[in-house]
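Within every chain, numbering begins at 1; the chains are lettered A, B, ... in the order of the sequence lines, protein sequences first and strands thereafter. Since this is a predicted model, take the numbers as computed values, not measurements. FYI, side chains are in, hydrogens and waters are out, and symmetry mates aren't considered; it's all heavy atoms of this structure.
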Number of protein chains: 2
Amino acid sequence: MVVDGVAAGSGGTDEAVDRLFHALADATRRDILHRCVRGELSVSRLAAAYPMSFAAVQKHVTVLERAGLVTKRRRGREQLVRTDPDAVGRARRALDELESAWRARVDRMSGLLTDDAAGAGPGHGTGPAPDDARTNTEKGPDR
Amino acid sequence: MVVDGVAAGSGGTDEAVDRLFHALADATRRDILHRCVRGELSVSRLAAAYPMSFAAVQKHVTVLERAGLVTKRRRGREQLVRTDPDAVGRARRALDELESAWRARVDRMSGLLTDDAAGAGPGHGTGPAPDDARTNTEKGPDR
DNA sequence: TCCATCTACAACCATTTGGTTGTACGTTAA
DNA sequence: TTAACGTACAACCAAATGGTTGTAGATGGA
C-alpha cells in the first residue's frame, strides 16, 4: 500500500509518478511538450529548434515517452511526436490529491489549535507521528 | 524566492518550475509533503520514518524548501516543516497552461491540418510547424 | 542505383543526485 | 555543568543525467 496508495491510485505507480514529474522537470522537455501540443512534429524538426544535438533531443523525447507524456507515430522515415493530453491530466491528478489532503486537514482543524498545531500534538503524545514508518518501508529507497 | 516575478507565465521562472517538478519527482519527497500537509513535523521526526539517514532526509527537505513546497519554522532546537499549499497550486498552474494550450489547438484546428497536412507540401510547411521557433531561442539549455 | 534524410543506439564525459559518515554547534533537560 | 537531542554542514561515493560524437539501418527521391 503504500499509504500513498492514494497517490498511487491517481497518477499511477509511484515509479510512474516519478517518471512523470522527472520528465516535467526540464525546460527543454516542457518546451517540446508545448510544441507538440500544437501539432505533431518529427524528431529532427524538433531538434532543429534547440541548440543541442539531434541525439540529445532524441533522448529528451524518449524520457517524455517513457513518462507517457507523448506518443510517437511513424510516417515514412520520420517519427512524429505528439503530446498526450491525458497525461497532463494524470499529473494534475497527483497534485490534486495533495491539495485535497491539505483541504481535509484544514477542515478537520477549522478551529482547533491555531498556529501551533504541532505543539499540541506531538507533544508527546507524539501521537501523530509515530509513525507510520511502516509506510515507507517500501517507498523510501525508491530511486 | 522564487517567484520573483514575472517571468514565464505559469509558475514562475523556468528555473523555479524546474525545481518544483524536480522536487516532486521523488517518492520520498512526495511522502514528506503528504506528512507535512497533515501538520508540522520536525526534521528528526520525519527522518525516523524513513530507512535512511537523518542527513539524507535533511537534504530532501532542503530540496523541497528550495522549490518552495515547504517552509521551515524554528521551535526551540527543532525545525518544524510544513507543506505550503500555495506551492501545490503553483505547480498545477504550470500544468494548466499546457492543458489550455492543447485546448486552444483543438479549437483552432477543428478540421485543418490533420496528419498529412505536412506531407503535402514542401514538407514542411504546413501549418503546424514551421518552427517558428518562436523564441525558444534559448530556453533549452537550462540545466 | 546512389545519395540524402531521419532514426536508432553505443560509447564516452562532466556534472548532479541521493546517500553515507563524521564533526561541530545551539538548545533542553538532568 | 553536563549530557542528550536536533540540526547544520563538509567530505566522499556510486549511480544517474544531460550532452557529445560516431556508426549503422531504413526510407524516399534523383
Contact class for B/S53 (heavy atom, under 4.0 Å): base, sugar-phosphate, or nothing?
base
Rounding to an integer number of Å, can you tell me how far [X] [atom1] sits from [N] [atom2]?
| X | N | atom1 | atom2 | answer |
| --- | --- | --- | --- | --- |
| B/R29 | C/dG18 | CZ | C1' | 8 Å |
| A/L80 | C/dC6 | CG | P | 12 Å |
| B/F54 | C/dG18 | CZ | C1' | 16 Å |
| B/D26 | C/dG18 | CG | C1' | 8 Å |
| B/L41 | D/dT7 | CG | P | 11 Å |
| B/E65 | D/dT7 | CD | P | 13 Å |
| B/Y50 | C/dG18 | OH | C1' | 15 Å |
| A/D18 | D/dT17 | CG | P | 10 Å |

List every contact pair, protein side and nucleotides 24-30 of chain D side both N or O, where the distance is under 3.5 Å.
unit_1 : atom_1 : unit_2 : atom_2 : d
D/dT27 : O2     : A/R77  : NH1    : 3.3

Please tell me which of B/K72 and A/A56 maps to the more 5' nucleotide of DNA chain D, matching each residue to the nucleotide holding its nearest heavy atom.
B/K72
Could you tell me whether the phosphate oxygens of [N], OP1 or OP2, come under 4.0 Å of any side-chain nitrogen or oxygen in [X]?
| X | N | result |
| --- | --- | --- |
| A/T28 | D/dG18 | no |
| A/Q79 | C/dC6 | no |
| B/H22 | C/dG18 | yes |

What residues form a side-chain contact (heavy atoms from CB on, under 4.5 Å) with B/R77, not counting sequence neighbours?
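None.
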With a cut-off of 3.5 Å and sequence neighbours excluded, list every side-chain donor-acceptor pair involving residues 54-61 of chain A.
unit_1 : atom_1 : unit_2 : atom_2 : d
A/H60  : ND1    : A/R29  : NH1    : 3.2

Side-chain (A/R30) to main-chain (A/L24) donor-acceptor, under 3.5 angstrom
yes
Same cluster or not: [X] versus [Y], using hydrophobic residues (I, L, V, M, F, W, Y) connected whenever any side-chain heavy atoms lie under 4.5 Å apart?
| X | Y | answer |
| --- | --- | --- |
| A/M52 | A/V81 | yes |
| A/V63 | A/V43 | no |
| A/L95 | A/L20 | yes |

Side chain of B/M52 (C-beta onward), nearest among C/dT20, D/dT20, C/dA8:
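Nucleotide nearest to B/M52's side chain: C/dT20.
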A/E78: side-chain hydrogen bond (donor to acceptor under 3.5 Å, both in side chains) partners, not counting sequence neighbours
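Expected list: A/R75.
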Under the 6.0 Å and 45° cation-pi test, does A/R35 pair with A/Y50?
yes
So, with a heavy-atom separation below 4.0 Å from DNA chain D, the residues of residues 57-64 of chain A are A/K59, A/H60
A/R19: what forms a salt bridge (Lys or Arg N to Asp or Glu O under 4.0 Å) with it, not counting sequence neighbours?
none
